[in-house]
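Report on one structure; see the data block that follows.
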Amino acid sequence: MRARYKPWAADLIESHPEIIIPDPENFRGRWHEVFGNDHPLHIEAGTGKGRFIIGMAKANPEVNYIGIELFDSVIVTALERVLEEPAGVPNLRLLRVNAKDLGEYFQQGEVDRLYLNFSDPWPKTRHAKRRLTHESFLKLYETVLPSEGEIHFKTDNRGLFEYSLTSISEYGMLLKDVSLDLHANEPEWNIMTEYEEKFLKKGQPIYRLEAQFQSN
Ligand SMILES: C[S@@+](CC[C@H](N)C(=O)[O-])C[C@H]1O[C@@H](n2cnc3c(N)ncnc32)[C@H](O)[C@@H]1O
């Protein structure tokens with residue numbers, strides 16, 4: 001997701017260090033102190049404008065959430081949405097960082113679940129390593145999740161979904177739940193993302209899977 005350049009975004013982000021944590025490496029292994037409780041921690045890599053992670057945090061106050069996004073111009077919208085919430089969203093924080101550096105911000109087992117929603121498909125074979133379900137990313141996620149931690153993934157992109165099914169199975173993960181049309185029978189717990197709503201309106205099926213790492 002690219003957004004129009006917003007020259008004011010950096011200043012707004014900087015003025016809310018209580019929401020967009022400016023120095024996340026300092027909290028590696030200590031995120032429970034940031035939230036002030038020992039609730040499970042779920043993160044979303046590529047959180048975009050935050051609709052999903054804010055919705056999840058409001059629906060599940062007993063879980064802590066962190067949304068991770070690469071671009072100021074995108075994450076600033078998530079920040080604005082949090083600021084619009086009358087009671088705030090106390091169980092949510094945002095990080096303006098690259099998901100490829102997750103290991104710098106979380107220690108083994110500190111993240112209880114990882115969400116990937118409508119990740120960039122990188123359709124060219126020579127860009128396969130950039131896909132967030134490439135083997136190298138699965139290896140990275142394994143370093144921050146517990147031994148049987150889970151990844152929950154949604155996409156509209158059939159090519160990326162097929163690639164991810166293969167990549168995840170070849171990595172030795174257990175595929176627990178696979179849907180080729182999530183909205184044919186939408187579960188009541190589903191929280192839509194911006195992209196999900198957009199592609200759903202166009203009549204495209206939404207693919208979803210849950211995958212679990214296996215302890216040896
Ligand atoms: C296609 S958008 C989907 C946004 C949102 N998850 C949704 O479903 O509406 C993908 C988002 O992932 C972000 N992104 C891509 N690679 C990333 C990375 N390595 N680390 C953090 N964010 C990333 C992009 O900037 C973009 O906002």
Side-chain angles (χ1 to χ4, degrees), residues 1-6 9-10 13 19-22 24-25 42-59 65-82 89 92-106 111 113-124 126-145 151-161 163-164 167 179 182-183 186-187 189-202 204-210:
M1 182 185 293
R2 290 295 166 92
R4 186 171 42 84
Y5 175 61
K6 297 171 184 161
I13 289 169
I19 300 171
I20 304 198
I21 309 292
E25 60 285 352
H42 294 183
I43 68 173
E44 182 187 18
T47 214
K49 295 177 179 173
R51 173 173 171 172
F52 173 82
I53 204 82
I54 294 169
M56 290 295 278
K58 287 171 68 181
Y65 291 90
I66 294 183
I68 293 172
E69 169 56 48
L70 206 45
F71 293 109
D72 279 7
S73 55
V74 180
I75 203 169
V76 76
T77 302
L79 172 62
E80 289 176 310
R81 287 178 175 170
V82 173
V89 191
L92 173 65
R93 298 293 185 281
L94 300 168
L95 306 184
R96 217 288 291 145
V97 297
N98 193 324
K100 77 174 174 46
D101 302 321
L102 276 185
E104 292 178 22
Y105 313 120
F106 303 100
V111 175
R113 183 180 296 169
L114 173 79
Y115 290 100
L116 298 172
N117 291 315
F118 299 81
S119 309
D120 297 327
W122 295 108
K124 292 185 180 146
R126 69 187 154 91
H127 291 148
K129 282 190 175 165
R130 299 182 188 181
R131 298 175 193 153
L132 293 187
T133 48
H134 183 269
E135 181 193 0
S136 58
F137 276 99
L138 299 179
K139 202 175 274 184
L140 172 67
Y141 305 149
E142 200 173 14
T143 68
V144 300
L145 286 159
I151 298 175
H152 293 195
F153 173 56
K154 291 196 274 194
T155 182
D156 63 297
N157 189 294
R158 192 176 174 102
L160 180 65
F161 195 67
Y163 168 86
S164 303
S167 173
S179 170
L182 179 63
H183 292 267
E186 188 185 4
W189 43 257
N190 187 51
I191 304 258
M192 285 219 269
T193 81
E194 271 92 14
Y195 271 64
E196 187 169 352
E197 184 176 39
K198 187 170 98 180
F199 289 117
L200 192 63
K201 277 188 183 152
K202 287 186 185 170
Q204 289 179 226
I206 304 301
Y207 306 97
R208 181 178 182 278
L209 66 80
E210 291 179 10

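Numbering of ligands and ligand atoms starts at 1, following listing order.
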Side-chain ion pair, [X] and [Y], N-O less than 4.0 Å:
| X | Y | result |
| --- | --- | --- |
| E196 | K154 | yes |
| R51 | E197 | yes |
| D72 | K6 | no |

Should one rank K198, R96, E69 by closest heavy-atom distance to atom 13 (C) of ligand 1, which comes out on top? E69
Heavy-atom proximity to atom 5 (C) of ligand 1, best of G46, P121, S73: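 Shortest heavy-atom distance from atom 5 (C) of ligand 1: G46.
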Please say whether the positively charged group of R131, taken as NZ for Lys or CZ for Arg, lies over the ring of W122, i.e. under 6.0 angstrom from the six-membered ring centre and within 45 degrees of the axis. no
Parallel under 30°, tilted from 30 to 60°, perpendicular over 60°: which one fits the rings of [X] and [Y]?
| X | Y | result |
| --- | --- | --- |
| H134 | Y163 | parallel |
| Y195 | F118 | tilted |
| Y65 | H42 | perpendicular |

What are the two closest heavy atoms between [X] and [Y], and how far apart are they?
| X | Y | answer |
| --- | --- | --- |
| L140 | G103 | CD1-N, 3.8 Å |
| L132 | A45 | CD1-O, 4.2 Å |
| K129 | S136 | O-OG, 4.2 Å |

State whether the shortest distance between N or O atoms of [X] and N or O atoms of ligand 1 falls below 3.5 angstrom.
| X | answer |
| --- | --- |
| T193 | yes |
| L70 | yes |
| S119 | no |
| A99 | yes |

Below 4.0 Å from any atom of ligand 1, is there a heavy atom belonging to L116? no
I'd like to know whether ligand 1 has K154 as a neighbour, heavy-atom separation below 4.0 Å. no
Among E194, K49, E69, which residue satisfies the side-chain contact (heavy atoms from CB on, under 4.5 Å) criterion with T77?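 That would be K49; it is the only one of E194, K49, E69 passing the side-chain contact (heavy atoms from CB on, under 4.5 Å) with T77.
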Element-labelled atoms of ligand 1 that are located less than 4.0 Å from some non-hydrogen atom of [X]:
| X | value |
| --- | --- |
| F118 | 1 (C), 2 (S), 3 (C), 8 (O), 10 (C) |
| Y195 | 1 (C), 2 (S), 3 (C), 7 (C), 8 (O), 9 (O) |
| E44 | 6 (N) |
| N98 | 18 (C), 19 (N), 20 (N) |
| N117 | 3 (C), 5 (C), 6 (N), 8 (O) |
| V97 | 20 (N), 21 (C) |
| E194 | 9 (O) |
| G48 | 4 (C), 27 (O) |

Check each heavy atom of F71 against ligand 1 and say whether those closer than 4.0 Å belong to the side chain, the backbone, both or neither. side chain
Ligand 1 versus R51, non-hydrogen atoms closer than 4.0 Å: side chain, backbone, both, neither?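 Neither part.
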